[in-house]
Amino acid sequence: MRLCRFNDTRFGMVDGAQVADITEALDVLPPVRWPLPLGDLMVANLPSIVKRAQSLLPAAKRLPLADCRLLSPVGNPSKVMGAPLNYRDHIDESKTDSMRHDHKLTTAEDQGLFLKAGSSLIGPGQSILQRFPTRRSDHEAELAIVIGKQGRNIPQDEVRNHIAGACIGLDMTVRGPEFQCFRKSPDTYCVLGPWLTTLDDCPDLANIDFSLEVNGELRQKSNTSYMIVSIERLITIASTYSTLYPGDVVLTGTCSGVGPVKPGDVITTEFRGLGRMEVQVA
Ligand code: MN
């Protein structure tokens with residue numbers, strides 16, 4: 001199932017060029033009181049949401065997908081974690097770009113993962129707001145894994161049971177001397193979308209062709225099979241340090257072709273089987 005959030009308060013299922021409005025499915029969520037449980041309530045209750053959605057679908061109102069303003073499919077992750085260098089060709093280009101000599105040229109096996117503020121999250125229907133117009137902000141197209149089940153010290157062969165699904169991620173980054181987590185966390189610098197594809201409907205996550213264009217010009221093109229540290233291993237490493245909660249997001253790293261964007265640009269990212277999203281830079 002391909003689940004989306006749209007038009008501020010609506011919840012939908014994407015079906016071809018249409019979105020079925022299944023906002024009523026959220027009625028199955030348990031009432032909560034402060035302090036709210038960590039993690040995303042929708043993802044934590046995904047099986048009952050999907051079940052209710054299926055019963056609502058036949059009578060659900062359908063809208064053209066093109067008319068829907070898509071938000072991040074995950075509303076309230078307790079954290080967004082990201083893999084550092086995880087594609088060989090991106091390590092090679094980082095060696096020759098002085099603007100990127102800002103972190104060690106090693107993988108998550110040595111560096112672990114970084115954190116990106118939850119407040120940086122937007123969907124493709126919103127715009128990336130260039131935080132510092134005179135400084136360089138780069139795009140990084142990444143496969144984003146959404147955690148479905150709470151866990152810590154998750155063994156690699158059990159990771160699959162902890163994944164809710166996947167979506168496209170843009171790990172936007174300001175280049176410069178500040179801490180990496182700080183430069184990756186301005187508002188709007190984490191784009192997730194266009195929707196959450198639940199794991200049963202995902203293609204083989206370890207073999208997805210993907211690409212990123214800026215204003216129609218191809219910048220990044222690779223396949224997730226070229227990851228150095230696997231999805232399973234990344235999640236095992238992440239869960240060794242932090243408990244992972246439903247809705248937590250793991251960005252799995254980017255390939256070569258990382259480059260700057262400026263206001264007015266349109267970033268188009270496609271991951272085969274997960275969709276295609278267009279995001280404006282403002
Ligand atoms: Mn990245």
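What's counted below: heavy atoms across the whole structure, side chains too, no hydrogens, waters or symmetry copies.
- Nearest heavy-atom pair across F271 and E142 is CZ-C, 3.4 Å.
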side-chain contact (heavy atoms from CB on, under 4.5 Å) evaluation trace for I49 with V28: CA-CA 7 Å; I49 289 274; V28 303; 3.9 Å; yes
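- Listed by first and then second residue, the side-chain hydrogen bond (donor to acceptor under 3.5 Å, both in side chains) pairs involving residues 273-282 amount to none (not counting sequence neighbours).
- R272 CZ: 12 or fewer foreign heavy atoms inside a 6.0 Å radius.
- Within the model, atoms CH2 of W195 and OG of S72 stand 14.0 Å from one another, a figure rounded to the nearest 0.5 Å.
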Scan the side chains in residues 146-156 for donor-acceptor partners under 3.5 Å anywhere in the protein, sequence neighbours excluded, and list what turns up.
none

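- Under the 4.5 Å side-chain heavy-atom criterion for Ile, Leu, Val, Met, Phe, Trp and Tyr, Y189 and L212 are members of the same hydrophobic cluster.
- Between L205 and L199 the shortest side-chain heavy-atom distance falls below 4.5 Å.
- Distance check, rounded to the nearest 0.5 Å: CG of L57 to CG of D21 gives 10.5 Å.
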Give the intermediate values and the outcome of side-chain contact (heavy atoms from CB on, under 4.5 Å) for residues I237 and L113. CA-CA 8 Å; I237 294 170; L113 285 82; 3.9 Å; yes
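- Contact of the V281 side chain with the K262 side chain is not registered, since no non-hydrogen atoms from C-beta on lie closer than 4.5 Å.
- Using a cutoff of 4.0 Å between basic side-chain nitrogens and carboxylate oxygens, K184 and D171 are scored as salt-bridged.
- Using a 4.5 Å cut-off between side-chain heavy atoms of Ile, Leu, Val, Met, Phe, Trp and Tyr, with links allowed through other members, I168 and I122 fall into the same hydrophobic cluster.
- Using a distance-only test at 3.5 Å, with no hydrogens or angles considered, no donor-acceptor pair links the side chain of R183 to the main chain of T173.
- Side-chain contact, T23 with R10: a donor N or O sits under 3.5 Å from an acceptor N or O.
- The pair R62-D15 meets the salt-bridge criterion, with a side-chain N (NZ, NE, NH1 or NH2) lying under 4.0 Å from an Asp/Glu carboxylate O.
- In plain terms, the two heavy atoms of N76 and D40 that are nearest each other are N-OD2, 2.8 Å.
- Residues I208 and L170 fall within the same hydrophobic cluster, defined by Ile, Leu, Val, Met, Phe, Trp and Tyr side chains chained together at heavy-atom separations under 4.5 Å.
- Here the shortest heavy-atom pairing between L29 and M42 reads CD2-CA, 4.1 Å.
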Give the intermediate values and the outcome of side-chain contact (heavy atoms from CB on, under 4.5 Å) for residues I228 and R88. CA-CA 7 Å; I228 300 168; R88 183 65 55 195; 4.0 Å; yes
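- Between G112 and P84, the shortest heavy-atom contact is O-CD, 3.2 Å.
- Between V19 and C4 there is a side-chain heavy-atom pair separated by less than 4.5 Å.
- Taking CD1 of I128 as the reference point, atom SG of C190 lies at 10.0 Å (rounded to 0.5 Å).
- L41 and M13 fall within a single hydrophobic cluster, where Ile, Leu, Val, Met, Phe, Trp and Tyr side chains are chained together by heavy-atom contacts under 4.5 Å.
- No side-chain heavy atom of Q126 sits less than 4.5 Å from a side-chain heavy atom of V191.
- The CE atom of M277 sits 5.0 Å away from the OG1 atom of T269 when rounded to the nearest 0.5 Å.
- Here the side chains of L129 and D187 are not in contact, with every heavy-atom distance at 4.5 Å or above.
- Residue C181 holds its SG atom at 11.5 Å from CE of M81, rounded to the nearest 0.5 Å.
- K116 and S185 are not linked by any side-chain donor-acceptor pair at a separation below 3.5 angstrom, with hydrogens and angles left out of the test.
- Atom CD of E270 sits about 9.5 Å away from atom NZ of K221, to the nearest 0.5 Å.
- Put simply, the side chain of P73 reaches to within 4.5 Å of the side chain of L192, judged on heavy atoms.
- Under 4.0 Å is where a charged nitrogen must lie from a carboxylate oxygen, and between R219 and E93 no such pair does.
- Within the structure, the salt bridge (Lys or Arg N to Asp or Glu O under 4.0 Å) test picks out the following pairs touching residues 47-57 (sequence neighbours left out): E24-R52.
- L65 is not listed as a side-chain neighbour of D67, based on a closest heavy-atom distance of 4.5 Å or more.
- Between Y87 and F210, the two ring planes are perpendicular [angle over 60°; tilted spans 30° to 60°].
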What's the verdict on side-chain contact (heavy atoms from CB on, under 4.5 Å) for Q18 and L63, showing C-alpha distance, side-chain angles and the deciding distance? CA-CA 6 Å; Q18 290 187 321; L63 303 95; over 6 Å; no
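- A search for salt bridge (Lys or Arg N to Asp or Glu O under 4.0 Å) contacts involving E109 returns R233, not counting sequence neighbours.
- Shown here for P186 and S120, the closest heavy-atom pair between the two residues is O-CB, 3.2 Å.
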Distance-only check: which donor-acceptor pairs under 3.5 Å involve side-chain atoms of residues 241-261, not counting sequence neighbours?
residue, atom, partner, partner atom, Å
D248, OD1, S78, N, 2.9
D248, OD1, S78, OG, 2.8
D248, OD1, K79, N, 3.2
D248, OD2, S78, OG, 3.1
D248, OD2, K79, NZ, 2.6
D248, OD2, Y245, N, 2.9
T252, OG1, L143, O, 2.7
T254, OG1, A141, N, 3.2
T254, OG1, A141, O, 2.8
T254, OG1, Q220, NE2, 2.9
S256, OG, D89, OD2, 3.0

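- For residues 196-206, every residue pair satisfying the side-chain hydrogen bond (donor to acceptor under 3.5 Å, both in side chains) rule, not counting sequence neighbours, is listed here: T198-D200.
- For D8 and R69, the salt-bridge test passes: some basic side-chain N is under 4.0 Å from an acidic carboxylate O.
- Of the possible polar contacts, one joining the R135 side chain to the R175 backbone as a donor-acceptor pair under 3.5 Å is found.
- No side-chain heavy atom of L71 sits less than 4.5 Å from a side-chain heavy atom of F6.
- Y226 and L274 fall within a single hydrophobic cluster, where Ile, Leu, Val, Met, Phe, Trp and Tyr side chains are chained together by heavy-atom contacts under 4.5 Å.
- At most 12 heavy atoms of other shown residues, nucleotides or ligands fall within 6.0 angstrom of atom CZ in F179.
- When all heavy atoms are compared, the tightest approach of A164 to L46 is CB-CD2, 3.9 Å.
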